[in-house]
Amino acid sequence: MNEDQRSLLLSSSSRFPPPQGVKLSYGTAGFRADASILQSTVYRVGILAALRAVKTQSVIGLMITASHNKVSDNGIKVADPSGGMLSQDWEPFADTLASARDPQQLVQLITEFVENEKITLDGAKSVEILLARDTRPSGESLLEAAKQGISSIIGAVALDMGILTTPTLHWMVRARNKGAKASEMDYFEQLSSSFRCLVDLIPSGSNTRNEADKLVVDGANGVGGEKLEILKKMLSGLVIDVRNSGKQGGVLNEGVGADYVQKEKVAPSGFGSQDVGIRCCSLDGDADRLVYFIVASTSSSKIELVDGDKILSLFAVFIKEQLSILNKKRDVNVNDGYQCCLGIVQTAYANGASTDYLKQLGLEVIFTPTGVKYLHEKAAQYDIGIYFEANGHGTILFSEQFLCWLEAKITEFSDVAKGSEPHKAAMRLLAVTKLINQAVGDALSGMLLVEAILQHMGWSIEKWNELYHDLPSRQLKVKVVDRTAVVTANAETVVAKPPGIQEAINAETAKYPRGRCFIRPSGTEDVIRVYAEASTENAADSLASSVAKLVDQKLGSGTS
Ligand code: 16G
Ligand code: MG
C-alpha cells in the first residue's frame, strides 16, 4: 500500500471511531444493530466493498437496510458481482475489519489482507460500488458513512442509487456486470414485460379472472409498498391494492410485514373482516420476503398462511409441467437427449408436509442450513434450482447451459413448430427466467410469478392452499449463556454438540405422532431457536415447550 493510500485511510477512519463496548459481527446476511452504533461499521464495510470491487474488477453493491427488523435498527448487506451475497470466504475479513480498535490497527489489517489477496491498490483502474438504502430515517447518514469508506480506497467510486428494495440493488449489480441495462426503470420494465408475456401465454379458458378479482398487498410500511405503487401502474392483467405503503403514517414492520404475518400467523394491521376470501400477501421491510395469506373469518385476525413452502410448491408444479410439455415427443421431435436437472432446496424449517408433497411429485429435495447464501449456492448447482425458506425468501435459478438450450429450442420451434404446445412451454420458461430475480429472492418478482401461475392454472388462493395441508408447528426461542455452544450438523437437523442434547430431543420427539423437532443457534439474535412440528397444534406446542425447557436447563441462564 502506498503512502497516499495509507494516509487517506488513516485520516478518514479517524472520523469513524468504533462504538465502545460492543462487538458487531457479520451475521447470516450482513451487519445489523441499533442504527445509532453503526456508523463505524458501515464506513468499514464501504472499504471492504471497494476492496472487493478492486479484487474482482467488477461492480459491487451495498444495501443499507435492517429488513424485517424494527425501524430504529439498521444494517448493511454486500452484493457480489453475480448479484448474490458476499462470498463467504470474505466474511471473516468483514468481522475483523468491524472489530479493529483504532485507525492504525484498521490500516494494518487492510495492509495484510490486500497482500494476502494480491490486491493492488494503485487506483489505475476505477471501480464502481452501487449504494442504496431502504426507507429507514437513519439510512441517509449511514449511506454517507459507506460513501466515505468507499472513497478511502483510491480509484473506487460510489454511485448512490437512492431508495431501492434490496433485490432491486442486487439485480442492478448483476445487470451492470453483464453489461445489460441496469436502472430501476429497466428492472420494472423487465418485470412488467415478462409478466405480460406469461399472461399472454395462458391457455384459453383457464384465466377466468375478472377486474374485481384483486390482490391486496401489505407493504410493511416500507420500500416495497412504495415501489409497488409505481410498478403496478406498468402492469396489465392484474389489479393490485397496496396497503401499508408507508404513506398513511404507519411504522415500518410494526404489526405489519411478511415476518410478522408468518411468525404470528395473524393479519397485518389494516387488514380485517372486509378482506375475508380475498387474495392477500405481505412483503417484508426491504421486499426480499413474500408470504400470502387468507383472512380466515370476520370475527378474528386469524389467517390461513400461504408461506414460502407453498410458493415453492406452486413454482415447482408449474416448472415441472412446462418441462414435461417441452419434453413430450408429439408433433415434433423435441427430445434431443438433453436432461434438465431440476432441484428443490429447502431448510429444516420447511413444513414436513411440503417436503412430502414435493417428493411425491418425484422431485429431488435437498436441505441446507438457514440463510439465503446456503440455499442459493445449492440451487445454483442445478439446471433449474428452486429454493425457498418457509419465511418467504427464495427464487428460481436457471443455469447458463439451460438458458442456451432453451433459447436454441425456441429458435428451432419458431421455424418448425410455431405456436405448438412445446413452443409455448419454452416461451413460458423463458419468461420465468426474466421475471424471477436471478440474483436473490425478490418479493415483487416472486409475487408477479405467483400471480401469473395462479392465472395460468385458473386457481384461487384457496385452491392453491389445498395443494397440501401444513402440519401444525411451533417456534420458540431460548436465551442461553453462549449460543455458540450449540453446534449442529446435517443442515441443522441434529445437534452435534454439546453431547446428550440430541438424544434428549429424540426421546421427546418420539412421544408425538409425526413429531419432528430441531434446535439451532440464531445467526441474527443471541438465542437458540426451537422448531417443533406434530400432528396437532397442542402436540406441536407441547413438544416445542418441552424441548425449550430442556435447552434452558442444559444451556440457559435458567431465567426463561
Ligand atoms: C436472515 C436471512 C434469512 C434467515 C434468517 C434467519 C438472508 C438474506 N436473510 O434474515 O434467510 O432465514 O436470517 O435468522 O440470508 P435466524 O438465524 O435469527 O433464525
Ligand atoms: Mg428482508
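In listed order, ligands and their atoms are each counted from 1. Values below: every heavy atom of this structure, side chains too, minus hydrogens, waters and symmetry copies. All figures in this text were calculated on a predicted structure; none of them were measured in a lab.
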Measure the spacing between OH of Tyr531 and CD of Gln475 and express it to the nearest 0.5 Å.
-> 7.0 Å
So, Ser183 versus Asp186: side-chain donor-acceptor pair below 3.5 Å or not?
-> yes
Considering only N or O atoms, set out every pair between ligand 1 and the protein closer than 3.5 Å, with distances to one decimal place.
residue  : atom   : partner : partner atom : Å
ligand 1 : 10 (O) : Arg289  : NH2          : 3.4
ligand 1 : 11 (O) : Glu389  : OE1          : 2.5
ligand 1 : 11 (O) : Glu389  : OE2          : 3.4
ligand 1 : 12 (O) : Glu389  : OE1          : 2.7
ligand 1 : 12 (O) : Glu389  : OE2          : 3.3
ligand 1 : 12 (O) : Asn391  : ND2          : 2.9
ligand 1 : 15 (O) : Val372  : N            : 3.0
ligand 1 : 17 (O) : Arg520  : NH2          : 2.7
ligand 1 : 17 (O) : Gly523  : N            : 2.6
ligand 1 : 18 (O) : Ser522  : OG           : 2.5
ligand 1 : 18 (O) : Thr524  : N            : 3.4
ligand 1 : 18 (O) : Thr524  : OG1          : 2.4
ligand 1 : 18 (O) : Arg529  : NE           : 3.4
ligand 1 : 18 (O) : Arg529  : NH2          : 2.8
ligand 1 : 19 (O) : Arg520  : NH1          : 2.8
ligand 1 : 19 (O) : Arg529  : NE           : 2.6

Geometric class of the Tyr357/Tyr468 ring pair [parallel <30°, tilted 30-60°, perpendicular >60°] = tilted
Going by atom type alone, with no hydrogens or angles, which donor-acceptor pairs under 3.5 Å involve a side-chain atom of residues 136-144 and a protein atom two or more places apart or on another chain?
residue : atom : partner : partner atom : Å
Arg136  : NE   : Asp73   : O            : 2.8
Arg136  : NH1  : Asp134  : OD2          : 2.4
Arg136  : NH2  : Ala66   : O            : 3.3
Arg136  : NH2  : Ser67   : O            : 3.3
Arg136  : NH2  : Asn69   : O            : 2.5
Arg136  : NH2  : Lys70   : O            : 3.3
Ser138  : OG   : Asn74   : ND2          : 2.8
Ser141  : OG   : Gln39   : NE2          : 3.1
Glu144  : OE2  : Gln148  : NE2          : 3.3

Spacing of CG belonging to Asn244 relative to CG belonging to Leu283, to within rounding of 0.5 Å | 10.0 Å
CG of Leu449 to CG of Leu435: how many Å apart, nearest 0.5 Å?
-> 5.5 Å
Point-to-point distance, once rounded to the nearest 0.5 Å, from OG1 of Thr355 to CG of Leu312 = 9.0 Å
Contacts under 3.5 angstrom, residues 257-271 side chains, donor-acceptor by atom type, not counting sequence neighbours:
residue : atom : partner : partner atom : Å
Asp259  : OD1  : Lys263  : NZ           : 3.0
Asp259  : OD1  : Arg289  : NH1          : 2.9

Is any protein N, O or S atom closer than 2.8 Å to the Mg ion (ligand 2), and if so, which?
-> Ser67 OG, Asp284 OD2, Asp286 OD1, Asp288 OD1
So CG of Leu159 and CG of Leu130: to nearest 0.5 Å the spacing works out to 6.0 Å
